[in-house]
Amino acid sequence: MIENLLYWDSKLFLYINNWGIGQEAFWLLVTSHYFWLLLFIPLLFLFFKKPYIQFVYIIIAFALLILVSDQFANLIKLSVARPRPCQIIYLLKEMNFIATPCGAYGFYSAHAANSTAIVLFAVLLLKHLNRYKLLYGLYGLCFVLLVSLSRIMVGVHYPLDLVVGYLSGIIFAYLFYIVY
């Protein structure tokens with residue numbers, strides 16, 4: 001059962017990864033840390049209107065959310081030890097690998113988990129601002145999907161890594177919202 005799932009995950013990875021041929025510079029930009037500014041700058045404007053102390057608490061909550069989400073993903077990567085696609089020789093021959101370097105383990109995607117957690121936590125915090133909540137939610141969803149897709153396009157994550165990353169991000173966003 002698991003072998004079959006991993007087989008189809010590899011096949012889907014190769015299918016999606018090869019869409020990116022000829023667009024390498026774009027996908028490298030999207031997967032870079034600089035691209036995340038497009039997620040954080042609108043957040044700062046949305047929450048800057050809050051009273052100062054509440055704004056500080058929100059910034060601290062986001063920082064802790066990213067820290068916990070990211071480190072939990074790293075802990076799972078080391079525990080599961082599923083090699084990234086770029087570590088598999090037969091996949092390297094068929095894929096468009098453009099990321100450097102290629103880390104050892106990829107299950108699950110911290111990019112998918114962190115971006116999902118940030119967007120969902122923000123949407124939950126914006127519950128009273130319906131117009132902004134909807135706009136940022138749609139904008140954030142596009143950001144999450146684009147960043148996640150970039151992880152496949154550069155050759156470092158399987159689709160299943162992203163799905164589990166989304167689930168992890170959802171769980172952490174709700175936990176942090178409950179605590180906040």
Side-chain angles (χ1 to χ4, degrees), residues 1-41 43 62-122 140-176:
M1 175 72 176
I2 293 290
E3 294 83 18
N4 201 15
L5 178 65
L6 296 178
Y7 170 80
W8 286 108
D9 197 27
S10 295
K11 289 295 183 191
L12 183 58
F13 163 79
L14 286 173
Y15 178 72
I16 296 170
N17 172 266
N18 283 300
W19 293 346
I21 294 173
Q23 304 160 354
E24 288 81 1
F26 172 74
W27 291 114
L28 285 171
L29 172 68
V30 172
T31 204
S32 75
H33 291 116
Y34 299 110
F35 195 75
W36 287 74
L37 291 173
L38 295 176
L39 186 65
F40 290 120
I41 289 172
L43 273 179
F62 273 107
L64 288 173
L65 173 62
I66 294 166
L67 177 71
V68 170
S69 176
D70 192 64
Q71 293 310 304
F72 188 77
N74 289 333
L75 177 69
I76 297 300
K77 283 178 188 175
L78 293 173
S79 300
V80 173
R82 181 184 185 196
R84 291 179 184 265
C86 49
Q87 296 288 349
I88 309 297
I89 301 300
Y90 76 89
L91 286 178
L92 269 173
K93 295 175 184 176
E94 298 180 47
M95 68 188 268
N96 184 30
F97 174 62
I98 57 174
T100 54
C102 176
Y105 305 123
F107 184 81
Y108 61 89
S109 171
H111 278 74
N114 295 342
S115 59
T116 301
I118 292 164
V119 169
L120 183 55
F121 186 59
L141 178 63
C142 292
F143 181 89
V144 168
L145 294 175
L146 190 61
V147 166
S148 298
L149 184 59
S150 77
R151 305 307 287 164
I152 294 174
M153 294 302 194
V154 300
V156 296
H157 281 294
Y158 295 101
L160 188 59
D161 299 345
L162 304 178
V163 171
V164 175
Y166 299 146
L167 294 174
S168 171
I170 290 168
I171 291 167
F172 280 116
Y174 275 109
L175 288 174
F176 268 72

* Asked: Please walk me through it: do Tyr15 and Lys11 pass side-chain contact (heavy atoms from CB on, under 4.5 Å)?
  -> CA-CA 6 Å; Tyr15 178 72; Lys11 289 295 183 191; over 6 Å; no

Reported [atom1]-to-[atom2] distance for the pair [X] and [Y], which is rounded to 0.5 angstrom:
| X | Y | atom1 | atom2 | value |
| --- | --- | --- | --- | --- |
| Lys77 | Ser109 | NZ | OG | 6.5 Å |
| Phe143 | Leu39 | CZ | CG | 4.5 Å |
| Asn17 | Leu12 | CG | CG | 11.0 Å |
| Leu91 | Cys86 | CG | SG | 9.5 Å |
| Leu64 | Ser69 | CG | OG | 12.0 Å |
| Phe13 | Leu162 | CZ | CG | 10.0 Å |

* Would you say the side-chain atoms of Asp70 and Asn114 include a donor-acceptor pair closer than 3.5 Å? ->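 There is such a pair between these side chains.
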
Taking [X] for the side chain and [Y] for the main chain, is one N or O donor matched with an acceptor at less than 3.5 Å?
| X | Y | value |
| --- | --- | --- |
| Ser148 | Leu145 | no |
| Asp9 | Leu160 | yes |
| Glu94 | Leu14 | no |
| Gln87 | Cys102 | yes |
| Ser168 | Val164 | no |
| Thr31 | Trp27 | no |

Any side-chain heavy atom of [X] sitting closer than 4.5 Å to one from [Y]?
| X | Y | result |
| --- | --- | --- |
| Tyr174 | Leu120 | yes |
| Ile170 | Thr116 | yes |
| Tyr105 | Leu78 | yes |
| Ser115 | Tyr166 | no |
| Leu146 | Phe35 | yes |
| Tyr34 | Leu29 | no |

* To do: Under the side-chain contact (heavy atoms from CB on, under 4.5 Å) rule, what do Trp36 and His111 come out as? Steps first, then yes or no, please.
  => CA-CA 10 Å; Trp36 287 74; His111 278 74; 3.8 Å; yes

* To do: Starting from the C-alpha separation in whole Å, work towards a yes-or-no answer on side-chain contact (heavy atoms from CB on, under 4.5 Å) for Ile66 and Ile118.
  => CA-CA 7 Å; Ile66 294 166; Ile118 292 164; 3.7 Å; yes

* To do: Write down the atom of Ser10, the atom of Tyr90, and the distance for their closest heavy-atom approach.
  =>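 Ser10 and Tyr90 have their closest heavy atoms at OG-OH, 4.1 Å.
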
* To do: For Ala99 and Leu28, work out which heavy atoms get closest and say how close.
  =>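 So the minimum-distance heavy-atom pair works out to CA-CD2, 4.4 Å.
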
* **Ring-face cation contact, Tyr158 with Arg82, 6.0 Å cut, 45° max** =>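 Yes, Arg82 lies over the aromatic ring of Tyr158.
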
* **Worked check of side-chain contact (heavy atoms from CB on, under 4.5 Å) between Met153 and Trp19** => CA-CA 8 Å; Met153 294 302 194; Trp19 293 346; 3.6 Å; yes

* Count the heavy atoms of every other residue, nucleotide or ligand shown that sit under 6.0 Å from CZ of Phe40, and state whether that count exceeds 12. =>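 Yes - once you tally the heavy atoms of other residues, nucleotides and ligands closer than 6.0 Å, there are more than 12.
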
* Measure from the ring center of Phe172 to the ring center of Phe121 and say whether it is less than 6.0 Å. =>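 Between Phe121 and Phe172, which both carry aromatic rings, the centre distance is not below 6.0 Å.
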
* side chain to side chain contact (heavy atoms under 4.5 Å, CB included), paired with Arg151, selected from Val156, Asp161, Val30 ->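 One option only clears the test, and that one is Val156.
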
